[in-house]
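Remarks on the structure that follows.
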Amino acid sequence: MRSIRGAIRSGALLLGVSGTVLGPAQARTAPTPIAHRGTGTTRVSARDPEGEIPHGGTEPDLRHLVADLLGVGPDELVPEASLIDDLAADSLDLMELAVVIESTFGITLTRHRMDEVRSYRDLLDTVMESVERGRARELVLTPGLGVKSRLVPPGASEAMLERADALTAYAIQTIREDAMGARPGTHLEVTLPAEASTVDLASVRDALAGLGRRGIAVSVRFDAPVSAAIPV
């Protein structure tokens with residue numbers, strides 16, 4: 001699907017616009033660049049020198065960016081704040097905001113997903129999901145291993161969905177998307193083979209960590225090694 005940035009660029013070309021269009025929010029206040037931590041430099045980016053986005057810094061950086069672009073105070077960005085009703089953002093403001101977010105965090109926001117954003121919480125969830133999907137795609141895992149997963153509904157002992165796949169970034173992304181469609185209180189159990197490394201375990205846990213915000217309990221563990229059979 002086309003990103004918001006692509007949609008705006010296409011529209012500008014059709015209209016023959018070559019300059020930058022400033023919307024009402026940008027007219028109210030120009031965005032302040034985000035100061036990169038510990039470098040003494042200033043960049044409009046949430047990435048560190050290696051190109052990674054610090055998980056803990058995503059929300060503060062997003063809050064700073066949204067407050068600057070919409071001309072509001074950071075303390076006004078409570079989770080339930082409506083971007084349109086409470087923060088006076090119009091459709092052009094939201095499109096411009098999406099473009100800057102895409103550029104800052106190195107993600108893609110589809111028009112369909114942005115149409116569903118109503119509150120600051122919605123926006124934060126959308127950005128975090130996109131950041132986490134990117135992390136899952138970038139996973140480097142030990143080749144030749146498998147992974148098993150179970151989704152257990154709240155209060156149940158039987159799984160409603162089980163998978164057994166090769167341990168790849170695609171498999172972890174599929175497991176994550178399965179869990180995102182489950183209701184809060186569901187338990188996602190992921191099991192790696194005993195021969196997997198601790199790096200594999202930590203990588204998978206990091207890729208699935210954001211599911212906790214959706215009320216999904218996640219456990220990632222090593223499978224117990226098969227013991228040799230004892231003759232009777």
key: Minimum heavy-atom distance between Val147 and Ala171, given as atom pair plus value   = CG1-CB, 4.3 Å
inquiry  = So does Ser149 get a backbone contact from the side chain of Glu162, meaning a donor-acceptor N/O pair under 3.5 Å?
reply    = no
ask   = Are Asp200 and Thr142 linked by a side-chain donor-acceptor pair shorter than 3.5 Å?
value = yes
task = Give the minimum heavy-atom separation between Pro153 and Arg183, together with the two atoms involved.
result = CB-NH2, 4.4 Å
request  = Might you point out which heavy atoms bring Gly146 and Pro193 nearest each other, and give the distance in Å?
outcome  = O-CD, 2.8 Å
request  = Find out whether Pro154 and Thr186 are in side-chain contact, i.e. whether some heavy atom of one side chain is under 4.5 Å from a heavy atom of the other.
outcome  = yes
message = Do Val199 and Leu145 land in one hydrophobic cluster if side-chain heavy atoms of ILVMFWY residues count as linked below 4.5 Å?
response = no
ask   = Would a hydrophobic clustering, with Ile, Leu, Val, Met, Phe, Trp and Tyr connected at side-chain separations under 4.5 Å, put Val190 with Val152?
value = no
inquiry  = I'd like to know if the side chain of Arg163 and the backbone of Lys148 have a donor-acceptor N/O pair within less than 3.5 Å.
reply    = no
remark   = Between the CG atom in Leu65 and the CG atom in Leu70, the distance rounded to the nearest 0.5 Å is 9.0 Å
ask   = When you check the gap from the basic side-chain N to the acidic O, do Arg214 and Glu129 get nearer than 4.0 Å?
value = yes
key: CD/Glu158: more than 12 non-hydrogen atoms of other groups inside 6.0 Å   = no
key: Nearest-0.5 Å distance that lies between atom CG in Leu188 and atom CE in Met180   = 12.5 Å
inquiry  = Please find the pair of heavy atoms, one from Pro74 and one from Arg63, that lie closest to each other, and give the distance.
reply    = O-NH1, 2.6 Å
task = Applying side chain to side chain contact (heavy atoms under 4.5 Å, CB included) between Val117 and each of Leu97, Leu123, Leu109, report the one that passes.
result = Leu123
message = Test side chain to side chain contact (heavy atoms under 4.5 Å, CB included) on Leu94 and Leu83; report intermediate values, then the result.
response = CA-CA 8 Å; Leu94 297 181; Leu83 298 179; 3.8 Å; yes
message = With heavy-atom distances below 4.5 Å as the criterion, would you say the side chains of Ile172 and Leu167 are in contact?
response = yes
request  = Apply side chain to side chain contact (heavy atoms under 4.5 Å, CB included) to Val72 and Leu77, showing your working.
outcome  = CA-CA 8 Å; Val72 299; Leu77 298 176; 4.2 Å; yes
message = What verdict does the side chain to side chain contact (heavy atoms under 4.5 Å, CB included) test give for Val131 and Ile107, after you've listed the backbone C-alpha separation in whole Å, the side-chain angles of each residue and the deciding distance to 0.1 Å?
response = CA-CA 6 Å; Val131 169; Ile107 60 177; 4.0 Å; yes
query = Stepwise, does the side chain to side chain contact (heavy atoms under 4.5 Å, CB included) test hold for Glu96 with Leu69?
reply = CA-CA 9 Å; Glu96 292 169 347; Leu69 285 179; over 6 Å; no
ask   = Do Ser103 side-chain atoms and Val100 backbone N/O form a donor-acceptor pair below 3.5 Å?
value = no
request  = To the nearest 0.5 Å, tell me how far Arg118 CZ sits from Asp86 CG.
outcome  = 13.5 Å
message = For Ser203 and Asp206, which I'm curious about, is there any donor-acceptor pair between the side chains at under 3.5 Å?
response = no
Donor-acceptor pair between Arg113 and Thr126 side chains, under 3.5 angstrom = yes
task = Any chance you could measure Tyr120, atom OH, to Leu87, atom CG, to the nearest 0.5 Å?
result = 10.5 Å
query = How long is the span from the CZ atom in Arg111 to the CE atom in Met114, to the nearest 0.5 Å?
reply = 10.5 Å
ask   = What distance separates Ser130 OG from Ile101 CD1, expressed to the nearest 0.5 Å?
value = 9.5 Å
inquiry  = Do Asp165 and Thr174 have side chains that approach each other closer than 4.5 Å (heavy atoms only, starting at C-beta)?
reply    = no
ask   = Does any non-hydrogen side-chain atom of Thr108 lie less than 4.5 Å from one of Glu102?
value = yes
task = Report yes if some heavy atom in the side chain of Met128 is under 4.5 Å from a heavy atom in the side chain of Thr58; otherwise report no.
result = yes
ask   = Can you find a pair of side-chain heavy atoms, one from Leu124 and one from Glu59, that are under 4.5 Å apart?
value = yes
query = Does a side-chain heavy-atom distance below 4.5 Å link Asp93 with Asp90?
reply = yes
query = Taking Arg150 for the side chain and Leu161 for the main chain, is one N or O donor matched with an acceptor at less than 3.5 Å?
reply = no
